[in-house]
Each structure stands twice: as structure tokens, then as C-alpha cells.
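Hydrogens, waters and symmetry mates play no part in the numbers below; they use all other heavy atoms, side chains included. Numbering of ligands and ligand atoms starts at 1, following listing order.
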Amino acid sequence: MALEKTFRWFGFSDPVQLSDLKMMGIEGVVTALHHIPNGEVWPVDEIMKVKSAIEAQGMRWSVVESLPVSEGIKTRNSDCERLITNYKQSIHNLGACGIDTVCYNFMPVLDWIRTNLHYPLPHGGEVMYFDFATFVAFDVFILKRPHANRDYEVAILEKAAKIVAEMPEEEREQLAHNIIVVSQGFIDGTIDGSVVDYKKEFLSFLDTYRDIDTAKLRQHLSLFLKEVVPAAEDGGVKLCIHPDDPPFPVLGLPRIVSTQDDLEWICAQVDSNANGITFCTGSLSVNRQNNLEEIVKKLGHRIHFTHLRNNVFFKDNAFHEYGHIEGDIDMYPIVKALLQEQIRRKETGRNDFRIPFRPDHGVKMLDDFNRSANPGYPLIGRLKGLAELSGMQLAIERELKGM
Ligand code: DNO
């Protein structure tokens, strides 16, 4: 059996309708209650409105992406207890409504980062780019984070200085705005763009981590898991943590969900199926030491959700996204390992043997240029990825059956 075909949908204001997803052969929808402010409880009636709309089209609400973990939980500030209580209540409400998979992340302040949201490909399509030197230019020379230069080597600082010197003022502002606001606002992160001096606001969020190093952040994640996983178990919900994107420390902040070791450590904090992983190929692959096939083989039993996406890699940790089965990641052994994991689960009698996957991000192409979409989420590019990944699965399934 193929992985469950899912697609991210941003709610009723998404220009892509649920009926469109149905027409595309989607089985499950990945969405969130984007209108509920970060940190507040998701009420049952609001959950049910979305769930009923999805089910009216013959699909199911497969995965919540994301139930945001507020900054107060990651830093364990004075509001932490209230935020955890709310988080548990939201999990409880989701479980009561029959929604059983919840994706979240534990990245401080910023979720994913790209330095160019519109990188043109030679064929006319567009993808998103992360250029490390440009990111350093943002950090050191545009944001002017105190002592940021201490975090980088001279060679990269020189490159960054050159980049910023050649960058017109409005492009500098655009870069900062893209990193802090445009790519974060739509995923219910910390900064929603409502504050005019967003750079100052951002710097003050970074400052809340001044005493939090890797060990401390790990301790906070461990406490969070010990508090919420039992609530998830009670409600019949499986949590699945999304890896850091990109998977290395940025802006002087610790990142603790970047490697296979990190994932193993997380799974060991609470030994429960409710403490799981979102396996995101695009994010994990950027650390070239990560062996994605091995991660599936080792931790597959805890993978509750997958994001399949590809990248092209360059030196200095730079990369751009690409078509789902093109690029530098060999998707075949990874998809095969996921399908084998499903077979293994079925054989051991697990009810949750089917793993939802979504074609993550996509190349902006064709009619995508006429339709507004959140960065990374063009319809046609993702549909192309869905088709390619579905075809690949069909072929692998035949191979596994010896047909
Ligand atoms: C970006 C997404 C991330 C992801 C969260 C999950 O496109 O992959 O924002 O949804 O990190 O919590």
C-alpha cells in the first residue's frame, strides 16, 4: 500500500479549495487552525468546523501542522505553565474530535529560513534558496545582532561583507523582511508582522535565549515531552516533531532537532509511540552527515508523518530546493524504506501502519505565477511532486511484491 497522500491546506482563505484537493486524488488534509493565536486553546467547535468541511469532500484531517509550541515553553518563562496547560487542552480537544497526528517543532524564535524566496531556475520556474553567506550578511550587517561576527569564520564574513556592500538598501530590507516576517507569519510563529520595527522585536526575542544553550534547550524539550506526551497518549494522539530547517545553529540560537542522534535522544525521552517524528527529507538532508535511509530504518517505527522534498547542495551549507524527485537526494531508497516500514507495521499488527506523506514545497511553475500562495506552496509544483512521488511508490510496490 502506498503512503497516505496528503496535502497542506491553509484553511478557508487558501486559494486552493478542498474540492480541488479531492480532484487531485488527495486522501488526507494537513492543516491547522491558523486563526487561533499562538498559545491559545483550540476549541472543539473550531476544530469540528474544519474537520467537517474536509470530511464533506470525502477526505480526512490526517495531520495537524502545526500546533505551535510557544516561545514561553521553549524558554520556560513565567507563562510556561499556562501555555503547557493550553497545549495539553488543545491535544485533548483534537483527540476528542478524532484527529490523531500532531506535528510541531522546537526551533527557537525562527522556524524555517531561506534567503531568496524567488530564485529563478533556468527553465523559468522558481524555487527557494538558502545562501549561507547571504544569511551571515543579514545577521551581521543588516540585523546587526550584537557580537554576531564572533560566530563566523573570517572567510565567510568577508564574503558576507561583499554581498551586503553590493546590495541596494531596499534589497537589504527585503531580505530581513523575508527572513523575519514573510516566511514566518503564515505558520503562526512568533512574529506575525504586526509590529512595525520587526527587527527590534526580533532582536528582543533572540535575547530571551541569552542563557539558553544546547543542553538547556534539550532540558526544556525533555520537560515539555514529559508533560505533553502522557496527555497525547490519553487522547489517542501521536505527536511528531519536525526537524530544524536548516539543521544547524543560527543567530546564536541552539538547535536540537538536526541529526539522527538528536532524533534518537528525543525518542528516548519518553518511550511512547505518542512521542514521534516528522521525517522531513528537505530539512534533514542539508546536514550532509545525515543518512536519511538509515534514519528511516532505525527510527521508522516512530515516524508518524513525512515531508518529501529535494534540494541541490552547494558549498558553505548553501542549497536550493528543487523538483521532488530531481536534485541531490536520491528519493528511491528513502521512499522504499518508508514503504517497507509500512509493511513491517502491518505485519506486527499496528493499526497506524499507514504513514501520511505530503509533497513538501514545490517549484513555482505555469499557472502558479497567476495564483497567490504562501512561500514554498505553489499548487502546480506540489501537484507535480505528488504525481512523481506517487508513480515512484507504485513502481516500488510492484518491485517489493516481485511483480
Ligand atoms: C515550512 C514548514 C515548516 C513546518 C514546521 C512544522 O514550510 O515545513 O514551517 O511546518 O516547522 O512545525
Side-chain angles (χ1 to χ4, degrees), residues 6-11 14 16 29-34 36 38-39 42 62-71 73-74 87 90-91 94 101-117 126-130 178-192 221 224-225 228 237-248 250 253 255-258 262-263 266 276-286 303-311 319-322 324 356-364 373-379 381-382 385:
T6 72
F7 211 74
R8 195 168 192 182
W9 178 69
F10 289 99
D14 193 323
V16 181
V29 175
V30 174
T31 193
L33 296 188
H34 293 290
I36 308 286
N38 184 320
W42 287 16
S62 303
V63 183
V64 169
E65 181 175 355
S66 296
L67 183 58
V69 178
S70 310
E71 286 301 298
I73 296 178
K74 291 178 243 173
Y87 204 89
S90 296
I91 291 175
L94 285 161
T101 308
V102 173
C103 166
Y104 70 99
N105 72 73
F106 216 78
M107 285 176 259
V109 192
L110 274 188
D111 193 311
W112 60 307
I113 305 169
R114 300 292 181 272
T115 53
N116 186 349
L117 305 179
E126 269 181 12
V127 290
M128 296 188 294
Y129 205 117
F130 178 84
N178 282 348
I179 291 175
I180 301 173
V181 179
V182 181
S183 55
Q184 304 300 306
F186 75 94
I187 46 169
D188 318 311
T190 308
I191 292 173
D192 58 9
L221 173 56
F224 170 73
L225 290 171
V228 299
V237 170
K238 292 168 293 174
L239 299 172
C240 44
I241 193 164
H242 188 283
D244 303 327
D245 180 3
F248 44 78
V250 288
L253 299 166
R255 298 266 235 187
I256 55 169
V257 197
S258 297
D262 290 341
L263 295 172
I266 291 163
I277 298 167
T278 296
F279 176 72
C280 175
T281 57
S283 304
L284 288 167
S285 63
V286 171
I303 294 177
H304 300 317
F305 182 31
T306 39
H307 287 176
L308 300 180
R309 153 166 89 71
N310 219 318
N311 292 319
F319 66 93
H320 72 66
E321 303 187 352
Y322 210 35
H324 295 75
F357 93 97
R358 68 173 179 82
D360 192 15
H361 300 175
V363 179
K364 186 170 176 179
N374 289 322
Y377 291 89
L379 174 65
R382 285 186 296 154

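Each of the following atoms of ligand 1 lies closer than 4.0 Å to a heavy atom of His361: 1 (C), 7 (O). Of all atoms in ligand 1, listed by their number and element, those nearer than 4.0 Å to a heavy atom of Glu65 are 4 (C), 10 (O). Those atoms of ligand 1 with a heavy atom of Arg8 less than 4.0 angstrom away are 2 (C), 7 (O), 10 (O). Of all atoms in ligand 1, listed by their number and element, those nearer than 4.0 Å to a heavy atom of Met107 are 11 (O). Less than 4.0 angstrom separates some heavy atom of Ile187 from each of these atoms of ligand 1: 9 (O). Which parts of ligand 1 touch Tyr104 is read off a 4.0 Å heavy-atom cut-off, strictly below it: atoms 12 (O).
In this pair, Phe10 and His34 present their aromatic rings tilted. The plane angle is within the 30 to 60° band.
To the nearest 0.5 Å, the span separating CZ on Arg114 from CZ on Phe319 amounts to 4.0 Å.
Geometrically, ligand 1 and Asn105 share a nitrogen or oxygen pair separated by less than 3.5 Å. Among the atoms of Tyr377, some N or O lies under 3.5 angstrom from an N or O of ligand 1.
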Chi angles and distances behind the side chain to side chain contact (heavy atoms under 4.5 Å, CB included) call for Lys74, Phe224: CA-CA 8 Å; Lys74 291 178 243 173; Phe224 170 73; over 6 Å; no

task: Take His320 and Phe130, measure what ring pair (Phe, Tyr, Trp, His ring centres under 6.0 Å) needs, and give me the verdict at the end.
output: CA-CA 6 Å; His320 72 66; Phe130 178 84; over 10 Å; no

message: Before you tell me yes or no, could you show the steps for Asn310 and His324 under side chain to side chain contact (heavy atoms under 4.5 Å, CB included), namely the whole-Å CA-CA distance, both residues' side-chain angles and the distance that decides it to 0.1 Å?
response: CA-CA 5 Å; Asn310 219 318; His324 295 75; 5.5 Å; no

- prompt: Where do Asp111 and Gln184 land on the side chain to side chain contact (heavy atoms under 4.5 Å, CB included) test, with the steps shown first?
  reply: CA-CA 7 Å; Asp111 193 311; Gln184 304 300 306; 3.3 Å; yes

field: Residue pair Ile266, Leu225: steps toward the side chain to side chain contact (heavy atoms under 4.5 Å, CB included) verdict
entry: CA-CA 9 Å; Ile266 291 163; Leu225 290 171; 3.9 Å; yes

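At the top of the distance list for atom 8 (O) of ligand 1, counting protein heavy atoms only, stands His242 NE2, 3.7 Å. Of the protein's heavy atoms, Ser66 OG, 2.5 Å lies nearest to atom 12 (O) of ligand 1. When hydrogens are left out, the protein atom nearest atom 5 (C) of ligand 1 is Asp111 OD2, 3.3 Å; that is the closest non-hydrogen contact.
Ring centroids of Tyr104 and His242 are separated by 6.0 Å or more, keeping the two rings apart.
Residue contacts with ligand 1 do not include Gly376, since none of its heavy atoms lies under 4.0 Å from the ligand.
Residue Cys103 touches ligand 1 through its side chain alone, judged by heavy-atom distances below 4.0 Å.
When side chains are defined from C-beta on, Val250 counts as touching Ile113, because their heavy atoms get closer than 4.5 Å.
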